[in-house]
Engineer: 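Okay, here's the structure, questions in a sec.
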Amino acid sequence: MSLTATQNEAIEVLVGLCSSLKIAPTITQLLQDYADFEGKQLDTSNFKSPVDFLKASGRFELIPTGNTFIVSSKINLESLHILSMVEKQKTYNVRGAPGMRKPPQKFHQKGFRPQNFHHNNNNHQQQALRPLRNVAPNARNPLPKSISPVADPNMTNPFDAATFTKVPKNITPAKSVQNRLAVAKRSISNDDMKPVRHDVPVEWWSTENMGVVGHLEQYCIMKQLPPPDYTYFKVKEGKTYKFQCRVTIEEATYSTYPEDFETKEKAKIVCAARAVENIKLSQGITQYPLFDGDDNELACKMYEIVRQHSTGIFLQEFPNLFRTTYNQSIPSHYISLMTDQYPDLFKIEELSTTQKKIVYPVEGAVLPRLASQSSLVAESPVETSSLLPPHIQLPWTQQTWSILVTFAETTTAVWCNLLGKEHYEARVDLYDEIELAGITEHPTDIITNEYYIAVVHQCPHRIRIVGKTQENDKWTCRFIDTGEEESLESDQIYICDKKFLELPAQAIQLSLEGLSLFAEIENIDYCLTELNDKVLVAKIHTTEEEFRKHRGAISATLYDTTTEEDINMNDKLMEKIRETALEPSKLNEKMNCMVITHVSDKGVILGHLKETGYMELIKKEIKKIVKEGKLKEYAKTVTSIVESEGELYLAYNKNTSNYVRAKPTGLDVNTPDVLTVTLIDYGTDLKVNKKEIYRLRPLSKALEVIPPQAIRMRLHGINNNDDQYMGSLLRGFLKPNMTALVKVIDFSVDAKEPPVSIFVRSAKGTLQSLNDAITSQTSLSPLCDKDPAVPEFNLVPDLPKFVLPVIKQKMQVKVILSQSPQMFYVQPKSLQKGFQQLASTMQKYFETMNEALESTATLQNNGIYAAYREETKEWCRAKLLNIYDQDHIKVSFSDYACIDVIPLKNLRDLPSQFKLLPEQAIKAKLYGVKPNAKVGEAAHRFINLTKNREFEAVLMEVDKVPDSLDRVVTLDLYIEGPEGEGNIYLREVLINEGLADPQN
């Protein structure tokens, strides 16, 4: 039975509601959320029940549980924006598909007339690529100066890792390295360095007719361990109690936190399941040999697995798949390989309903071992025969290259040929030779990564086999001389004679300088068609050293020099993308998932789209700019608003400790060094030093043309009359960085500030209307009790955050809690004196104030209290995390980064004067390192080197925690060495001891 148009619109709203929940809702909760959001019941007419309605849509998974169903939107629909990008890459790569790629331009350019194959949209036939002879490249190159990025200084000071001090000068460098490594190894016991090996069968968990509780007991018997001892905790929820469970196996504790369960038995089963899964993973790592190849080979092996699962793989299952496929354990840094080093191969999406992550293959990606020299030559002797074309020799001594664009795929993958006798003309001769030789013999077996000849409409091409498609008898093939990837049938593929592989693969991958950001934006492929088949001049920005280190695309600016004035094709393409592909940030008529950034005094609410806007791309590009160290080169003192009109800048926001796009709006006459700027992606104003803003145009042309992301709106039905009280009331409900669901009531009322209904999730996950809450609050008189119908938003004031220094500026810190290079906590030394005074005053105050809290009824989750810390025998500031029962509560000691369960008698209300000093504990991770196989040893060594020690630190990066004010800082820790010897960096200690790998 089909759905009506109205019902299809309702399905879209239901999908959005599912996506906004961290835990998949029951069908009852989903229907209630829909009624709250739309103000009406779901129309399920023509269907027997809501269950049949949801099933008929094909958009949901319904999981029976008890007397109801758990509802989650399907994986492929959670990831539509990813799949559409992948599909877009597929379509214009498939030769012969209708309308996928426009026919190449026909033109004459100094005697040159390329005839690339193209699609005939009428009969879908394939036209053959025929390189021509005697190409006359345009040698005139009056090009403007390029922008040279400023790299971070390379710090490679020698050090003694074991003692964390300098090596004496009388030791030679070569000998000192060996001595340092020897001492470093001695600093860790042999027992610590040996991996723990389990002597139980690998499949101990597969016994039939036995649940997870039985499996865990069986594991303990096999390991001669005590039986599992489960501990239960009561968690009060309303008038009833729920349960959490913990169990400790081999010094590892597994818990059901943060989930609560109605019975102890349910909590026990979930706890045992988590223990079993973690032990399985640990056991698999120790019983299978660890993969010992390089990162390129590992990325290729991972991609081969992912490519076989086009609908995606749950990231948590990836280690198991790797073991079953290759009989090896995957190194621990495999996720960072996917996200940081090889984002062109893998795309990771997090399901908002379950928080599980799924990894997808990027179709048409060039594997790293096959992208050496930015040509298409395979390098692995295991998976290829001896028939390998040599690597192309690139003219690195020349600043400009004359090229023919063969295929403009994305802004980071513009494939081209070098012009000249050794390159393009040699390719012409080779293709003629192949034709004259006659190609008649098909291979018996077609092998991945082998080289063949493909005949497309009677024209031969050299190809490499990427893999077999899901269609019968079709293969994905890479054209090594043009860069395209196509699907061909087996009868189009022929054996390639060795002599036809003597010429290097001619396809070279260029990345358009300043436009890399646009590679992740949809609907720009047609903008690139203008480059196809053009003879251009490429000004090269990548050095030979950079290329050989990273093996990526070569950064270039393209120029058309056939006219009187040279045309910068990068700028021309950017303007075309701005005019045709970039859409302004705006609300749609249905549901909008937004991040709230600010509420003005007049009640205007500002925010940006969370999933469909360009905000994540903007943040990613700004991080890249800061990391490359380009900012100081383009600092500009703004002396006139008129002078800066139309220009955008990067400004440092001290409130959030990051750089943001800004537009100057006002100069302060009384404070000549201060400039007011508007943060165009957040909608707020900021005062900055006029000398500390940076011109955006030379830093990133792409960032300059992306539309502002800030969206303005007002609450529907609230008559605030620009009353500042309304702004204050709204700020009490809407905190910065909070996620909210927004529905536009009427665009015709005010297109710039449309009236909206806003819904937020409470701590329990229920959907609550902000409009109703504000209406209820404003209707109360000052003496009235709180209306019980008003929704509980539980927005409790937190301790202020420490104001961090500017990125790449120094600060002094003390490590107070050390777990690993990826997670530790520090206290700022600049506040140490004030913190000591606060602690002393608190002890004196609470020695005389003995009024204990009588019950948990008045306690607020996340509220700030004073709690007695047994470990140090002192009163400390603490945040309430959970209420276990009437006598015990769980708190986080905000200044010490520790969590504990304490008796209620040890809790007190905290006077406001003790809440003024910023929270002392700052969560951090170490800069410049990434985990390798020695994760445990690295953590042990890191703890020894940092525990309760003071360091100099350079702030390198600040990451926000979604839906909270929390943050994680990336610090480069060091101590000063002896005079004249330089600093000793902690990251260098770990890297040189082999306990971590350098972070690119």
Side-chain angles (χ1 to χ4, degrees), residues 22-23 65 196 198 200 204-205 210-238 240-285 316 354-356 763-765 817-820 822-823 825 856 859 861-862 867-871 878-894 896-907 923 935-936 939 943:
K22 293 184 178 181
I23 300 176
T65 173
V196 179
H198 298 296
V200 297
W204 55 270
W205 60 82
M210 182 181 292
V212 289
V213 175
H215 288 153
L216 191 58
E217 291 176 354
Q218 181 173 332
Y219 176 80
C220 292
I221 293 171
M222 291 179 176
K223 290 283 291 183
Q224 298 183 354
L225 299 171
D229 184 14
Y230 297 93
T231 305
Y232 302 93
F233 297 89
K234 280 186 178 182
V235 181
K236 189 173 183 180
E237 186 172 304
T240 62
Y241 287 95
K242 290 191 175 181
F243 298 91
Q244 292 183 3
C245 181
R246 294 181 195 167
V247 64
T248 300
I249 307 292
E250 295 182 291
E251 299 182 352
T253 299
Y254 309 98
S255 171
T256 60
Y257 178 81
E259 295 181 64
D260 307 326
F261 298 89
E262 295 175 354
T263 65
K264 290 184 178 180
E265 188 61 28
K266 288 183 179 179
K268 178 180 180 180
I269 292 172
V270 173
C271 187
R274 292 184 179 177
V276 168
E277 287 302 314
N278 281 277
I279 294 171
K280 281 167 57 178
L281 180 61
S282 175
Q283 180 185 354
I285 291 174
Q316 66 186 39
T354 62
Q355 301 299 296
K356 289 185 177 180
K764 297 179 181 179
L817 179 65
S818 183
Q819 296 185 6
S820 73
Q822 285 70 49
M823 190 174 77
Y825 287 83
T856 59
L859 298 183
N861 279 339
N862 297 319
Y868 189 71
R869 190 180 177 201
E870 292 287 353
E871 181 181 349
K879 178 187 289 188
L880 176 61
L881 300 180
N882 207 343
I883 301 173
Y884 280 133
D885 54 40
Q886 293 185 354
D887 298 320
H888 293 86
I889 55 175
K890 183 178 182 180
V891 298
S892 168
F893 291 101
S894 306
Y896 299 97
C898 63
I899 296 174
D900 199 1
V901 176
I902 65 172
L904 180 63
K905 65 180 182 179
N906 285 353
L907 195 71
K923 189 176 182 179
V935 177
I943 293 171

Engineer: With rounding to the nearest 0.5 Å, note down the distance linking NZ in Lys234 to OG1 in Thr240.
Structural biologist: 11.0 Å

Engineer: From Thr248 OG1 over to Leu225 CG, what is the distance, rounded to the nearest 0.5 angstrom?
Structural biologist: 12.0 Å

Engineer: How many angstroms lie between CD1 in Ile899 and CG in Leu881, if you round to the nearest 0.5 Å?
Structural biologist: 5.5 Å

Engineer: Are Tyr230 and Lys264 close enough that some pair of their side-chain heavy atoms sits under 4.5 Å apart?
Structural biologist: no

Engineer: First locate atom CG of Leu817, then atom CD1 of Ile943, and finally report the distance between them rounded to the nearest 0.5 Å.
Structural biologist: 8.5 Å

Engineer: If you take all heavy atoms of Ser820 and Ala939, which pair is closest and at what distance?
Structural biologist: CB-CB, 4.1 Å

Engineer: For residues Arg869 and Cys898, report the shortest heavy-atom separation together with the two atoms involved.
Structural biologist: NH2-SG, 3.6 Å

Engineer: Under the rule for salt bridge (Lys or Arg N to Asp or Glu O under 4.0 Å), what residues qualify as partners of Lys890, not counting sequence neighbours?
Structural biologist: none

Engineer: Please give me the minimum heavy-atom distance between Val212 and Ile269, naming the atom from each residue.
Structural biologist: CG2-O, 3.6 Å

Engineer: Could you work out, with side-chain contact (heavy atoms from CB on, under 4.5 Å) as the rule, every residue matching Lys242, not counting sequence neighbours?
Structural biologist: Glu237, Asp260, Glu262

Engineer: Cation-pi between Lys266 and Phe261: NZ/CZ under 6.0 Å from ring centre and within 45° of the ring axis?
Structural biologist: no

Engineer: Side chains of Tyr868 and Lys905: closer than 4.5 Å at any heavy-atom pair?
Structural biologist: no

Engineer: Taking salt bridge (Lys or Arg N to Asp or Glu O under 4.0 Å) as the test, write out the residues that go with Glu870, two or more places apart.
Structural biologist: Lys873

Engineer: Stepwise, does the side chain to side chain contact (heavy atoms under 4.5 Å, CB included) test hold for Cys220 with Ile249?
Structural biologist: CA-CA 8 Å; Cys220 292; Ile249 307 292; 3.9 Å; yes

Engineer: To the closest 0.5 Å, what do you measure between CZ (Phe243) and SG (Cys271)?
Structural biologist: 14.5 Å

Engineer: Quick check: closest heavy atoms across Ala867 and Ala878, and the distance to 0.1 Å?
Structural biologist: CB-CB, 3.7 Å

Engineer: Once rounded to the nearest 0.5 Å, what's the spacing between atom CG of Asn882 and atom OG of Ser892?
Structural biologist: 12.5 Å

Engineer: Any side-chain heavy atom of Phe233 within less than 4.5 Å of one from His888?
Structural biologist: no

